[in-house]
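Step one of this worksheet: look at the structure below.
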4 protein chains.
Amino acid sequence: MTNSVDRRVRASQKRRRLTAAAARVLHEQGVERTTLADIAREADVPVGNVYYYFKTKDELVQAALAEHSAHLDELTAELDRSADPRDRLKGLVSAWMDQRETAARHGCPTGTLAVELDKRADGTLDAEAGAVIRRLLDWTAAQFRTWGVPDPDDHALTLVSAYQGMSLLANALRDPDVMTREGNRLLRWLDSL
Amino acid sequence: MTNSVDRRVRASQKRRRLTAAAARVLHEQGVERTTLADIAREADVPVGNVYYYFKTKDELVQAALAEHSAHLDELTAELDRSADPRDRLKGLVSAWMDQRETAARHGCPTGTLAVELDKRADGTLDAEAGAVIRRLLDWTAAQFRTWGVPDPDDHALTLVSAYQGMSLLANALRDPDVMTREGNRLLRWLDSL
Amino acid sequence: MTNSVDRRVRASQKRRRLTAAAARVLHEQGVERTTLADIAREADVPVGNVYYYFKTKDELVQAALAEHSAHLDELTAELDRSADPRDRLKGLVSAWMDQRETAARHGCPTGTLAVELDKRADGTLDAEAGAVIRRLLDWTAAQFRTWGVPDPDDHALTLVSAYQGMSLLANALRDPDVMTREGNRLLRWLDSL
Amino acid sequence: MTNSVDRRVRASQKRRRLTAAAARVLHEQGVERTTLADIAREADVPVGNVYYYFKTKDELVQAALAEHSAHLDELTAELDRSADPRDRLKGLVSAWMDQRETAARHGCPTGTLAVELDKRADGTLDAEAGAVIRRLLDWTAAQFRTWGVPDPDDHALTLVSAYQGMSLLANALRDPDVMTREGNRLLRWLDSL
DNA sequence: CATGAATGAGGGTTCATTCAT
DNA sequence: TATGAATGAACCCTCATTCAT
């Protein structure tokens with residue numbers, strides 16, 4: 001009884017460990033340069049055992065994407081507690097600025113994943129990273145719409161685009177200040193609307 | 001006489017063919033998913049012969065980066081023929097918009113290369129892609145400075161950042177319209193300064 | 001139960017098979033002319049599987065050296081059962097003479113390995129073969145010392161040097177008699193001390 | 001006229017340069033780790049040109065062996081100017097001792113070549129290195145015979161064997177003193193006969 | 001479920017040798 | 001004869017995936 005429950009709990013813990021490890025390592029090293037052994041080691045799971053939780057490497061990539069998507073959900077849920085849509089958006093920008101060190105080192109997890117997955121010939125996962133980005137776009141557009149700003153979709157595109165751009169530049173130039181400078185500009189821009 | 005010249009010409013043509021093929025294929029497939037055989041086939045050169053011109057795969061990546069850098073030089077040289085710095089910058093944005101189909105399919109060549117190279121543990125080529133981006137930043141800042149706009153470096157950061165962001169989004173969403181929408185906004189922004 | 005033990009046993013047997021095959025084939029063909037496939041075939045192990053036990057070719061070379069070192073240990077342990085140091089040394093010479101056919105065909109395993117490894121630019125394994133030879137030198141010197149012969153180190157050097165020299169000549173001339181002639185001289189020399 | 005002579009002279013100079021380079025580099029790096037490009041570079045001859053003087057790599061190895069054989073001839077010719085055979089042999093040993101640094105770094109040129117060539121399956125060059133050693137043996141035996149020492153062949157075997165052994169040990173232990181210690185012993189031995 | 005071991009299909013790289021001029 | 005360029009066969013090594021227990 002308890003044994004079987006324990007086992008199930010332990011098992012799902014392992015799954016969670018693997019997912020978290022995948023999200024982390026894939027972000028840091030990229031998909032192609034990360035081996036299953038890397039992820040297994042990071043999750044402290046024997047290599048052969050990985051396949052009981054994820055049938056292929058791609059499923060691990062998918063799980064990592066889902067993890068990033070969940071992080072996004074947490075963030076927007078947190079931001080949704082503000083009454084003012086402008087404050088929500090400013091909170092979003094602040095969250096990006098808080099991640100400046102990570103961004104400078106490895107870029108935006110979803111953005112860099114999207115770049116890498118788009119290079120694939122087989123269109124198996126290309127869309128999935130795009131979907132996460134689209135969800136961010138949608139949430140952002142919803143804020144602008146509630147706020148009453150005209151062309152909310154365009155404004156959302158501008159904001160998310162700016163985020164991806166500044167993350168990429170911070171990463172390419174290895175300079176977290178890029179995040180600060182552009183972040184502050186975005187805050188002023190939101191105030192000016 | 002002419003023979004030996006021909007031979008030398010043909011040889012350097014081969015090198016150029018390889019460089020061009022590398023730039024193209026690496027942009028389309030990414031560094032890790034591109035085989036030397038891929039590049040060799042695209043350049044119509046036997047695999048073993050590639051090593052006569054490039055001693056390692058990394059040298060081919062470097063050559064591809066240099067090719068992109070040269071394209072940037074051509075573009076800015078062309079734009080420098082305009083008298084007005086604002087026109088130069090608007091020309092830059094227009095050039096980006098002209099590339100919308102390519103951007104939607106494969107992203108910005110230099111930007112995506114930077115993303116992939118930054119995932120590497122060995123810091124051999126990470127900086128090189130960043131350097132090309134920095135040259136674009138510098139040229140852009142120079143235009144703002146000539147123009148007399150305050151904080152030219154920040155403006156340059158905003159513009160290049162926007163370009164990388166919109167390219168990434170166009171690519172991730174597989175939607176060239178992203179380039180058009182953001183591009184037009186940038187044109188209006190430049191007009192408003 | 002027994003199954004898992006069997007598995008482990010079979011696995012380590014495989015490792016041992018690979019080590020033995022490496023020792024044999026590397027002795028016969030030399031390091032540079034021996035392919036991993038050669039060793040794998042000799043050990044009846046798929047090539048790809050070799051890397052589960054030895055991460056590089058050099059590790060296989062090291063394992064082969066360790067094998068030869070172990071053989072030396074066995075031999076000296078056996079000889080140590082004689083009470084008289086002179087008998088021990090004469091036993092050593094007799095053992096060399098017993099190997100005359102092998103010596104004529106492939107030389108001394110450790111000696112030829114040392115020659116080949118010393119040709120390497122990267123000083124990764126050069127010392128290792130020398131270390132095995134030094135252990136033979138040390139054991140030999142200890143016998144002379146116990147025996148009470150003056151300058152035991154010099155005598156050891158002379159004896160081991162003679163062994164390497166006669167092995168090389170037997171091999172180069174493809175003549176096992178070299179081992180016999182020189183071996184008998186060494187026996188007489190030991191008796192004369 | 002003179003042109004064709006010049007050309008021939010220059011050509012044979014090239015051949016000599018290649019032979020000398022081969023002897024040197026093959027001694028230092030071994031046959032298998034030496035590329036034709038290495039030898040060509042050392043001789044300052046374009047790679048493609050090597051094949052007008054040596055049809056295969058093996059022919060270069062053969063040329064290197066011939067070079068070592070010629071050096072041996074020079075040495076014995078020099079020694080033959082001594083009236084006393086014992087002095088000739090002591091001169092030989094002294095010559096070995098003079099080479100102690102080279103021996104410690106790369107071993108005896110002919111001996112190490114013999115070791116490597118004996119590892120080959122195709123019996124194309126195995127005998128050649130042995131032949132050079134045999135010539136040394138023969139000259140040495142002749143000295144002992146002239147001198148009137150009994151069993152001159154055995155004595156020659158002992159002496160040459162000692163040389164190969166001490167060279168191998170000096171090389172394996174990277175210690176030129178080995179040459180000095182054993183060399184002095186051999187001098188005393190010759191004096192005692 | 002767990003796990004060490006097995007497998008095989010490439011990928012990058014080297015190099016002796018040959019070719020075209 | 002001279003020479004840069006060309007060629008292709010091999011080699012070492014990696015790794016996603018599967019198997020046996």
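Residue numbering restarts at 1 for every chain, and letters A, B, ... go by the order of the sequence lines.
Atom CG in B:L18 sits roughly 14 Å away from atom C1' in F:dT7 (whole-Å rounding). Following rounding to the nearest Å, C:L36 (CG) and E:dA9 (P) show an atom-to-atom distance of 18 Å. B:R17 has its CZ atom 13 Å from the C1' atom of F:dA5, to the nearest Å. In this structure, B:R15 atom CZ and F:dG4 atom P are separated by 16 Å, rounded to whole Å. The separation between C:Y53 atom OH and E:dT7 atom C1' is 12 Å, rounded to whole Å. Whole-Å rounding puts the C:K57 NZ to F:dA10 C1' distance at 12 Å. Counting to the nearest Å, the P atom of F:dA16 and the CG atom of A:D38 are 8 Å from each other. Separating the OH atom of A:Y51 from the P atom of F:dC15 is a distance of 13 Å, rounded to the nearest angstrom.
In this structure, the nucleotide among E:dT13, F:dT3, F:dC13 sitting nearest to the side chain of D:N49 is F:dT3. The side chain of A:K14 lies closest to E:dT3, out of F:dC12, E:dA16, E:dT3. The side chain of C:T35 sits closest to F:dC11 out of F:dC11, F:dT3, E:dA2. Of the candidate nucleotides F:dA5, F:dT1, E:dT7, F:dT1 has the atom lying nearest to any side-chain atom of D:Y52. Here the nucleotide nearest the side chain of A:P46, chosen from E:dT7, E:dT3, E:dG12, is E:dT3.
Nucleic acid contact for D:K55: none, since no nucleic acid atom lies under 4.0 Å from a heavy atom of the residue.
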Base-pair string, DNA chain E, Watson-Crick plus G-U, cut-off 3.5 Å on both distances, | for inter-strand, is .||||||||||||||||||||
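The minimum heavy-atom distance linking C:A21 with C:I39 is given by the pair CB-O, 3.9 Å. Of all heavy-atom pairs spanning D:F54 and D:E59, the tightest one is CA-OE1, 3.6 Å.
Using a cutoff of 4.0 Å between basic side-chain nitrogens and carboxylate oxygens, C:D38 and C:R41 are scored as salt-bridged. Between B:R120 and B:D58, at least one side-chain N (NZ, or NE/NH1/NH2) sits under 4.0 Å from a carboxylate O, which counts as a salt bridge.
Nucleotides of DNA chain E nearest to D:E32 and B:A37 differ in position, and the one nearer the 5' end is that of B:A37. Each of C:D58 and B:V50 was matched to the nucleotide of DNA chain F holding its nearest heavy atom; the match closer to the 5' end belongs to B:V50. Summary of the strand contacts: C:V47 and B:T56 both lie near DNA chain E, and taking for each the nucleotide with the nearest heavy atom, the more 5' one is attributed to C:V47.
Residues A:K14 and A:D44 form no side-chain contact, since every pair of their non-hydrogen atoms from C-beta on lies 4.5 Å or further apart.
Judged by distance alone, the side chain of A:K119 and the main-chain N or O of B:H27 form a donor-acceptor pair under 3.5 Å. The main-chain N or O of C:T34 is found under 3.5 Å from a side-chain atom of C:K57 such that the two form a donor-acceptor pair.
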